[in-house]
Asks: 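First the structure, then my questions, so here it is.
As the structure lists them, so they are numbered: ligands from 1, and atoms in each ligand from 1. Please read all numbers here as calculations on a predicted model, not as lab measurements.
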Amino acid sequence: MTFQLIDGKATAATIKAEIKQQVEALVADGKRRPHLVAILVGHDGGSETYVKNKVLACEACGFQSTLIRYEEDVTEGELLEKVAELNHRDDVDGFIVQLPLPKHIDEQRINEAIAWQKDVDGFTPINVGRMSLGLPSFVSATPKGILTLLQRYDIPTSGQKVVILGRSNIVGKPMAQLMMQKQWGDSTVVVCHSHSKQLREECLSADIIIAAIGRPDFLTADMVRPGATVIDVGTTRVPDATRKTGFRLNGDVKFDEVAPKCSYITPVPGGVGPMTICMLMQNTLEAYIMREV
Ligand code: NAP
């Protein structure tokens, strides 16, 4: 079977160009640029890279961006004060607090302090609740990116059986909500996790499998029915002496043997990953439009 590769990198570039075009039209109309603020605490290498990429994406989209840095010893009170300030600032459309935070800070308390109208990560309980009710909300970036890929590749979802592997708050759970709801996926959804007994059988009956468990090469060819669509969210760092970095990113899908059975499949890297930051940009534009236009 010939499969089609879902190119997340190219799709993300196209969407960012579309956003940029929209922003330049607004600016030409005398409007200000959308403004995203990122709060970064400490010097964790991974977080530094993520935030740097978010700032670069802002530039590509014609957004204003501001990076607010704190050292590891920042107090919870100081961060809460900054969140309260950003909630009220008229020139800020959305902001994110890069996770993880140092252990002495209660991440959930910080998350809950963010006004849902500026929560472009879509992580606050109000946004998650609004999304579950089908109300206007910000959908977290990775699930939104996956739905967008399915839509842009004209892969039908309505009435299809979607099996999601993983039930995390940032991927599995919001993905299930999104695929289940009538106005988005309109699919029949099954969520599997580490205690699921019939996981292989569920996967074998799926039209679409979305793997988000962080177990390299977990999904093998014997778990996939011919013609299925497979979305690989997994990005585990696996040691690789041939790479300059000393590691490579490995997905949850055993790509070489699964791909030939699929109609569509995402690669790792270059599939879901690039869509995540792109959807953060889209959420920021939506937050701006909600306030300004
Ligand atoms: P997580 O919080 O680590 O949770 C993993 C989930 O997988 C849990 O629900 C767990 O089940 C389930 N699981 C683990 N082992 C399993 C097994 N053997 N069989 C069935 N289910 C199993 O997950 P996450 O944060 O969503 O991340 C998942 C992967 O996606 C990671 O590789 C992460 O790096 C990647 N990711 C990528 C992006 C991107 O933009 N590309 C974004 C986010 C995450 P229990 O609930 O029973 O423990």
Asks: Compare all side-chain heavy atoms of I15 with those of M275 and state whether any distance is below 4.5 angstrom.
Replies: yes
Asks: Quick check on contacts: which atoms of ligand 1 are under 4.0 angstrom from a heavy atom of F218?
Replies: 17 (C), 18 (N), 19 (N)
Asks: Give me the atom names and distance for the closest heavy-atom approach of L86 to K118.
Replies: O-NZ, 2.8 Å
Asks: What I want to check is whether the side chains of Q22 and E18 have a donor and an acceptor closer together than 3.5 Å.
Replies: no
Asks: Looking at V258, I6, I231, which one forms a side-chain contact (heavy atoms from CB on, under 4.5 Å) with I265?
Replies: V258
Asks: For ligand 1, which atoms sit closer than 4.0 Å to a heavy atom of T142?
Replies: 40 (O), 42 (C)
Asks: When you measure from atom 43 (C) of ligand 1 to every protein heavy atom, which one gives the shortest distance, and what is it?
Replies: V171 CG2, 3.6 Å
Asks: Starting from atom 2 (O) of ligand 1, locate the nearest protein heavy atom and write down its residue, its atom name and how far away it is, to 0.1 Å.
Replies: S168 CB, 3.4 Å
Asks: Any atoms of ligand 1 less than 4.0 Å from a non-hydrogen atom of I170? List them with their elements.
Replies: 25 (O), 43 (C)
Asks: Quick check on C192 - does any of its heavy atoms sit under 4.0 Å from an atom of ligand 1?
Replies: no
Asks: Scan side-chain atoms only and decide if K161 and S205 contain a donor-acceptor pair under the 3.5 Å cut-off.
Replies: yes
Asks: Around atom 6 (C) of ligand 1, find the nearest protein heavy atom and jot down its residue, atom name and distance.
Replies: G166 CA, 3.8 Å
Asks: Is it true that K20 and E24 have a side-chain N and a carboxylate O under 4.0 angstrom from each other?
Replies: yes
Asks: Decide yes or no on salt bridge (charged side-chain N to carboxylate O under 4.0 Å, His left out) for E48 and R69, but give the supporting numbers first.
Replies: CA-CA 10 Å; E48 294 263 4; R69 282 178 169 278; 2.7 Å; yes
Asks: Looking at ligand 1, does G172 have a heavy atom less than 4.0 Å from it?
Replies: no
Asks: Any idea which protein heavy atom is nearest atom 15 (N) of ligand 1, and the distance to it?
Replies: R215 NE, 3.2 Å
Asks: Counting heavy atoms only, which of T276, T236, I213 is nearest atom 13 (N) of ligand 1?
Replies: I213
Asks: Which residue owns the protein heavy atom closest to atom 34 (O) of ligand 1, what's the atom, and how far is it?
Replies: T235 OG1, 2.9 Å
Asks: Among M131, R130, E286, M290, exactly one meets side-chain contact (heavy atoms from CB on, under 4.5 Å) together with P136. Which residue is that?
Replies: R130
Asks: Please report whether atom 27 (O) of ligand 1 has a protein non-hydrogen atom at a separation of less than 4.0 Å.
Replies: no
Asks: Which of parallel (below 30°), tilted (30 to 60°) and perpendicular (above 60°) describes F3 and F255?
Replies: perpendicular
Asks: Does ligand 1 have an atom under 4.0 Å from some heavy atom of V233?
Replies: yes
Asks: Under a 4.0 Å N-O cut-off, is there an ion pair linking E292 with K31?
Replies: no
Asks: Run down the list G273, G271, S194 and name the one with the heavy atom closest to atom 45 (P) of ligand 1.
Replies: S194
Asks: Would atom 41 (N) of ligand 1 count as contacted, meaning some protein heavy atom under 4.0 Å?
Replies: yes
Asks: How far is atom 8 (C) of ligand 1 from its nearest protein heavy atom, and which residue and atom is that?
Replies: R167 N, 4.0 Å
Asks: If you measure from the Lys or Arg side-chain nitrogens to the Asp or Glu carboxylate oxygens, is any gap between D93 and R32 under 4.0 Å?
Replies: yes
Asks: For ligand 1, which atoms have a heavy atom of L199 less than 4.0 angstrom away?
Replies: 20 (C)
Asks: Name the closest protein heavy atom to atom 29 (C) of ligand 1, giving the residue it belongs to and the distance to 0.1 Å.
Replies: G214 N, 3.6 Å
